[in-house]
Amino acid sequence: MTAAMMSYQVDHDGIATLIWNDSEAPVNSMSQQAVESLANIVDEVISDDSVKGVILTSGKTDFVVGANLKEILTMKSGDWQQDAEQLSAFIQRIHGVMRKMETAGKPFVAALNGTALGGGLELALACHHRIAANQAKARFGFPEVNLGLLPGAGGTQRLPRMLGIEKALPWLMQATQVGPAQAQAAGIIDEVVEPEQLLPAARQWLLDNPQALQPWDVGLNNKRSKFRMPGGEVQSAKVAQTFMGAEAMLRKKTYGNYAAPQAILEAVYEGCQVPFDQGLAIETRGFVRLLLSDQAKALIRTFFTGLQQVNKLKHRPVNIEKRQFTKIGILGAGMMGAGIAYSASLGGLGVVLLDTDQNQAEQGKAYSEKLLKKRLARGKTSQEKVDAQLARILPTTDFNDLAGCDLVIEAVFEDRHIKAEVTAKAEAVLGSDALMASNTSTLPITSLADACQRPEQFIGLHFFSPVDKMPLVEIIVGEKTSQQSVAWALDFVQQLRKTPIVVNDSRGFYTSRVFKTYVLEGMALLSEGVAPALIENAGKMAGMPVGPLALSDEVSMELMDRIARQTQADLGDAYTPHPGDEVVDFMVHHADRIGKKAGRGFYDYPAGEDKALWPGLSEAFVPAATQPEVEQVMQRLLYAQAVEALHCVSEGVISQPHEVDIGSIYGWGFAPHTGGILSFVETIEGFDAFIARADALVQNYGDRFRVPHLVRELAETGGSFYAS
Ligand code: NAI
């Protein structure tokens, strides 16, 4: 096994080239097996008298991509003490190998042939020198914090001792990933050379530095280390201020919702005041605590396991050949049409962008021009690429130009008659295997498909605004939509490098339906006399990106009013009024304050100034004498959404739990620190506590908090949404 994973060869100068090449995986990662191999081979090179120095490099395209999270997850049994011990032992094994490399008296140089992230970069930090090949695609950084973890292979101790605390903290806390040049400029990498020079340069460095020692190990055995933290010790006035600033910024940005950045601060603060090896022990304790936390469990499940599965189309219908799209049509060159045209042309697709008049179609194309100009100015693209992308967009008014399109996406006004008309016209010029889609945000896909000769090839592709920034696409399956169309729609979204979730046709689909409950709950609170500032702050403190009232202003209450009226008309007696409805009605029809686009809603939007809550609100909705605790308001805002999402799952509107979680975060920004809306229910709150709290809310505020039976069943049987 060891031989297959790692090997080394020694040249006539005594330089060993140690190559890590995991033959059983596409990339090198810090698996248990890899760490054992590394430990063994490091022992070997150190005791091999013919070896004077060691080049550590990889046989893969990338160097080492980080920890093997999949494996780490399998190391958890659920018994906290046992897991903590096992994980600590594993981490200590890693530290042991790295410390041997650093202190055995032979110089190690990391020859970074490609990406080194997380544990991979930490391994490079444990070498005495780092040289990277000048590869445009190579990335360097510490992504752990995004998964609720800290860099646990010595990163929180080595990086501050290399760069100084002030410079190291952002790299550890913000998960920034950069290319070779930026990593060198930051001091994370020492040299960048052309790929063919990588090994010669590494070899030369070893020949020039036969006695390398890490700065923190100089004088280590004399008991009185001479090492001084670059940029100042923890207790110095300047660094103390850095910690205070970082702490304050973190609070302001995350309201204390994330454990990992806090733990990173602590590991650096405590670990950098003690000798290096004690620092590593402090880091390990912090790492294990995080890894065994519910938050890391949820974040890893959603952003590592889940996102990978979703982006790889794990649940794509089987036995349907993959479709490669080359040319698509877009009907309606408004805000959404123009955005979709940009994303599709960026993905290399030809786009026919159709509107009622040529000028409007050209305007739609101009949107891409505007975005590309910005990218060009930032050095993110070349003029050649910009020209090529723009040449792929054809603005037109002529339906005949749609001939030969693999897919046509309708994005005209939200009016079923106009939609029916343009859909039929487009279908008439398309080939028989073309897919037809609508970007509608509210109209049932099944009914829109009626306008088609081939309703089985009609599907919903719900993009989010602004399309160029939002990664999610909600694919809506109508009653007659075929599995082949679902598979093709998934292929298309993947081609655009966006993240698809698949939902069944129903009112508001999944994202709009649940999102709505957040803003309406905010309004219900307002109508009960809860102070608007308390509502808004509670929303943000709960982890939502914007308070519910500000969000209503963004969406426009006019639109909410229209949708509510349409729903009432469609459902008749079956419509369940929401206490927030009356607030919408008041704001639109009595106060004439429809939201941000009118410059007046729950907030005033004075030109050139920050928005401010409308002073008239306290007259319209008189604040109650006793105000609830902020935690109660936070709970209501999150529970209202969670219960609705649970209904979506129990009604079969959406079925894949990872998609429910990812859709909630990417779709409307549901508190990302929870790992998504199902993770919130199952992992953060726990079924029993969630049900008990929701039941209490039913008592006080009514049936909209009633948890569906499915969840009670899971709670009773010890089941899980993520079981399959
Ligand atoms: P918009 O009003 O900006 O654009 C609609 C475009 O369709 C206009 O350029 C209009 O000239 C064109 N159009 C109207 N009738 C036409 C016809 N017969 N033939 C060709 N073009 C025609 O609207 P927006 O915001 O882009 O919305 C479009 C669709 O996307 C709607 O169904 C909307 O519900 C949906 N949507 C909107 C989102 C948003 O945030 N605005 C988000 C997701 C979906």
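Remember, it's 1-based here, ligands and their atoms both numbered in the order they're listed.
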inquiry  = Quick test of your reading of the model: are Glu554 and Lys611 salt-bridged, counting only N-O distances below 4.0 Å?
reply    = no
ask   = How would you list, by chain and number, the residues with a heavy atom under 4.0 angstrom from ligand 1?
value =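 Answer by chain and number: Gly332, Ala333, Gly334, Met335, Met336, Leu354, Asp355, Thr356, Gln360, Ala411, Val412, Phe413, Glu414, Ile418, Lys419, Val422, Asn439, Thr440, Ser441, His462, Phe463, Ser465.
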ask   = Would you say the side-chain atoms of Tyr639 and Glu685 include a donor-acceptor pair closer than 3.5 Å?
value =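 Present: a donor and an acceptor within the cut-off.
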query = Taking only residues at least two apart or on different chains, which pairs with a member in residues 490-513 satisfy ring-ring contact (aromatic ring centres under 6.0 Å, His included)?
reply =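 Sorted result for residues 490-513: Phe325-Phe492, Tyr510-Trp668.
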message = Could you check whether atom NZ of Lys365 has more than 12 heavy atoms from other residues, nucleotides or ligands sitting under 6.0 Å from it?
response =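 Buried by this count: over 12 neighbours within 6.0 Å.
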Salt bridge (Lys or Arg N to Asp or Glu O under 4.0 Å): pairs with one or both residues in residues 323-347, sequence neighbours excluded = Arg323-Asp406, Arg323-Asp433
Salt bridge (Lys or Arg N to Asp or Glu O under 4.0 Å) pairs, two or more places apart, involving residues 657-684 = none
